[in-house]
Amino acid sequence: MPGSSRLPVSLRETLNARKGSVRGQIVALNLDVLRNIIFVLFLLRWTRKLYYQLKGRGITGSVADVYNYTRRSFYGIFLRLPGVRTKVQTQVAETILKLERKLVPSGPGVERTVTLPAQGWSEEQVRKALDDLAGLEHTRWEDGRVSGAVYHGGAELLKLQTEAYGKFAVSNPLHPDVFPGVRKMEAEVVAMVLGLFNAPDGAVGVTTSGGTESILMAVLSARNKAYSERGVTEPEIILPETAHTAFRKAANYFKIKVHLVTCNAPSYKVHLASISRLITPNTVLLVGSAPNFPHGIIDDISGLSRLAHKRKIPLHVDCCLGSFIIPLLPKAGFDFEPFDFKLKGVTSISCDTHKYGFAPKGNSTVLYRSDSYRKYQYFIDPNWSGGVYASPSIAGSRPGALIAGCWASLVKQGESGYIEACHKIVGTMKKIETAIREKPELASDLKIIGRPLVSVVAFLSNTIDIYDIADGMNEKGWHLNALQNPPAIHIAVTLPIVAAADALIADLIQVTEDVREADRKRIAEGKGAKGAVKGDTAALYGVAGSLPNKSVVVDLAKGFLDTLYKA
Ligand SMILES: *Cc1c(COP(=O)(O)O)cnc(C)c1O
Ligand SMILES: *[C@@H]1O[C@H](CO)[C@@H](O)[C@H](O)[C@H]1NC(C)=O
Ligand SMILES: *[C@@H]1O[C@H](CO)[C@@H](O)[C@H](O)[C@H]1NC(C)=O
Ligand SMILES: *[C@@H]1O[C@H](CO)[C@@H](O)[C@H](O)[C@H]1NC(C)=O
Ligand SMILES: *[C@@H]1O[C@H](CO)[C@@H](O)[C@H](O)[C@H]1NC(C)=O
């Protein structure tokens, strides 16, 4: 600076000092502005959250949420009090031990293989051991004693599936050039299922290892789509509370917030107005079930579709259970409700080939209205040192044998085979429903939930403990599903149950009478409900239902999972 050297030193210093202080002021000002902006953003964020909370749940709903949260927290603290904690822990441990004794065979006669045999066994030895394992004492699904669980299409189909397995035992669709037949069958399975669900031109799908994976994939693709196309970083989904818990699993895995919507009596369908209120710019997916697992009720999919279309949000319809029954209800001559791609708001559908498709376990499909949804579930890595890698779903290597089993089942059954199965299964569901509604011995205490149209019939009781019924049926060798919120049980009719339905109804009448009688006796003796000796189901759900904080139930369930891996 040529001129500056001529200024007196003091002036120069003053000027410099002023420049410094101006800079200081500007910095201070900037900091202030920044602080204010951050504060306003913070306020905006929380106001927005509060606004959506109040809009979605209303004032009473929000107060209830806070109340429930507080109760849960306090009960959690209570559970951790020194005296209580040890007591709870011992009881949990005892219960798990009991469970273990039931599930893990023990005693002198039981042989365990917990180390790799030094010398391989002979073929006969392996066969004999497999026979023994298959013959372990179990609930007789073969005689139709188990609700759901075993969805198979008869002995003949089973034989064909086993053959198909054998032919493709080594195949892996990860390598389509090595196993072209498997690729072809897989694509054809998707095409056949798309056809069943009235898919429009351009609709696509993938196969997965089961309903849960199909749902995980549908949720993932919705989340990724919203992120890519709308920049949603705090995704939310809105679920009917009766929707399969696989959606909550997806939300847990993929960090998505869940809003649950009630499904109230008398229809037990999801409440549409509540869904509408819960929609925010962060909503990535709406969900409906056709039908749901707990009650076998089909949500109002037409209404959901209109809502989804209007608000431009994807809608997934869970037909995992409905699978090959619900699309064939019209052709089998039963009542039905619209649920598939014919409704323009429906963007994805999950359909389990391994439920009423009678394919071997480990098989399901997820269908999308167009590739603009499916592409978001793919995983593609162009960078890996192992080569360019692309896979459609969670698994890497996959069993081609299952694809062959699935394909063989679909083409062997054909539409006529599935319509026939639909007749038998829905017919049996209706038979059980009618018995419970009309036989006075049952109707006096049991009440059907909603109006079931597919394969599941659920019932509750306002007069007796429904879990006592579940336990009573258990004692008679049946395995029915216990439900909660509200307490109820259900029967998912499968082909093996069709032949056993009359026996089931007869036993249900007997058990209901027994429970009624036991209650009457206890009351006559002046003992309240508390005096009752409860079975396993009643004990578990009776306690679980009344707990504000279910951490004890979580501990028990964890113990159960651990038990599964006890050799
Ligand atoms: C069975 C079922 C699923 C999940 O299927 P998995 O094959 O057990 O993973 C999802 N939704 C409904 C309604 C189901 O009944
Ligand atoms: C709160 O708890 C009560 C009873 O425990 C239950 O009926 C209600 O549905 C819960 N409400 C919410 C919002 O979770
Ligand atoms: C429920 O109880 C457990 C165990 O005491 C605790 O860890 C958990 O935080 C509690 N839940 C809530 C919502 O407070
Ligand atoms: C069958 O299951 C396997 C994995 O369990 C899966 O990879 C495959 O895609 C499924 N195939 C069909 C046709 O559903
Ligand atoms: C591959 O590398 C690119 C550039 O480094 C990166 O942006 C991309 O996320 C990588 N893809 C995967 C799947 O890791």
Side-chain angles (χ1 to χ4, degrees), residues 65-82 84-89 92 147-151 207-219 224 228 239-250 263 287-299 316-326 339 349-357 359-366 378-391 393-394 402 406 452 454-456 458 481 483 490 492-494 547-556 558:
D65 284 350
V66 172
Y67 171 73
N68 279 10
Y69 180 79
T70 318
R71 262 185 81 198
R72 251 197 332 272
S73 308
F74 276 110
Y75 195 77
I77 294 170
F78 166 73
L79 286 178
R80 270 174 292 170
L81 293 178
V84 183
R85 189 192 194 146
T86 37
K87 207 162 170 188
V88 169
Q89 279 171 350
V92 167
S147 158
V150 184
Y151 298 82
T207 59
T208 69
S209 65
T212 298
E213 190 184 352
S214 290
I215 288 169
L216 290 177
M217 290 295 97
V219 173
N224 290 356
S228 293
L239 299 182
E241 61 183 358
T242 51
H244 197 276
T245 189
F247 289 98
R248 303 186 202 186
K249 192 179 202 176
C263 305
V287 171
S289 315
N292 63 44
F293 172 83
H295 309 145
I297 300 296
I298 306 172
D299 284 318
H316 181 84
V317 179
D318 179 10
C319 295
C320 281
L321 182 61
S323 53
F324 281 53
I325 292 201
I326 187 166
F339 67 94
I349 291 179
S350 46
C351 164
D352 281 2
T353 42
H354 75 192
K355 283 208 175 136
Y356 295 106
K361 271 292 179 212
N363 270 126
S364 170
T365 53
V366 54
Y378 285 171
F379 175 78
I380 298 168
D381 184 356
N383 312 326
W384 186 34
S385 42
V388 175
Y389 185 93
S391 82
S393 47
I394 291 183
L402 282 184
C406 178
V454 195
S455 61
V456 169
N481 299 76
L483 314 170
H490 90 198
V493 177
T494 58
L547 291 177
N549 177 327
K550 303 212 170 148
S551 70
V552 176
V553 181
V554 173
D555 291 345
L556 281 175
K558 181 183 169 289

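Worth saying up front: this structure is predicted, and the values here are computed from it rather than measured. These numbers come from the heavy atoms of this one structure, side chains and all, not from hydrogens, waters or symmetry mates. Just so you know, ligand 1 is whichever comes first in the structure, and atom 1 is the first atom listed for that ligand.
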Nearest-contact summary for [atom] - protein heavy atom, Å:
atom                    : result
atom 14 (O) of ligand 3 : Ser73 CA, 3.1 Å
atom 4 (C) of ligand 5  : Asn383 ND2, 4.6 Å
atom 7 (O) of ligand 1  : His354 NE2, 2.8 Å
atom 13 (C) of ligand 5 : Ile380 O, 3.5 Å

Q | Distance-only side-chain donor-acceptor flag, Ser364 / Thr353, under 3.5 Å | A | no

Q | His316 and Ser350: side chain donor to acceptor below 3.5 Å | A |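 Present: a donor and an acceptor within the cut-off.
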
Q) Under 3.5 Å, side chain of Glu213 to main-chain N/O of Ile394, donor-acceptor pair present? A) yes

Q. With no hydrogens and no angle check, is any side-chain donor or acceptor of His490 less than 3.5 Å from a backbone partner on His295?
A. no

Q) Heavy-atom distance to atom 9 (O) of ligand 3: which of Arg80, Arg85, Arg71 wins? A)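 It is Arg80 whose heavy atom sits nearest to atom 9 (O) of ligand 3.
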
Q. Which option, Asn68, Asn549, Thr70, Leu79, owns the non-hydrogen atom nearest atom 10 (C) of ligand 3?
A.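 Selected option, by shortest heavy-atom distance: Asn549.
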
Decide yes or no for [X] and [Y]: does some side-chain heavy atom of the first lie under 4.5 Å from some side-chain heavy atom of the second?
X      : Y      : value
Ile349 : Val366 : no
Phe78  : Val84  : yes
Thr365 : Thr208 : no
Arg85  : Leu79  : no

Q) Any N/O of Gly76 closer than 3.5 Å to an N/O of ligand 3? A)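 Checking ligand 3 against Gly76, an N or O pair does fall under 3.5 Å apart.
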
Q) Under 4.0 angstrom from ligand 1, any heavy atom of Ser214? A) no

Q. Does at least one non-hydrogen atom of Glu213 fall below 4.0 angstrom from an atom of ligand 1?
A. no

[X] to ligand 1: N or O pair under 3.5 Å?
X      : result
Gly211 : yes
Asn292 : no
Lys355 : yes

(Q) Heavy atoms only, cut-off 4.0 Å: how does Asp318 contact ligand 1, side chain, backbone, both, or neither? (A)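 The side chain, only.
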
**Q.** Euclidean distance, Asp352 CG relative to Lys361 NZ, rounded to 0.5 Å
**A.** 7.0 Å

(Q) Within this structure, what is the CD1-CG distance for the pair Ile298 and Asn292, rounded to the nearest 0.5 Å? (A)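 Going from the CD1 atom of Ile298 to the CG atom of Asn292 covers 9.5 Å.
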
If the cut-off is 4.0 Å to any non-hydrogen atom of [X], which atoms of ligand 1 fall inside it?
X      : answer
Pro291 : 13 (C)
Asp352 : 5 (O), 7 (O)
Ile215 : 10 (C)

Q | Distance filter under 4.0 Å to Ser551 heavy atoms, resulting ligand 3 atoms | A | 2 (O), 3 (C), 4 (C)

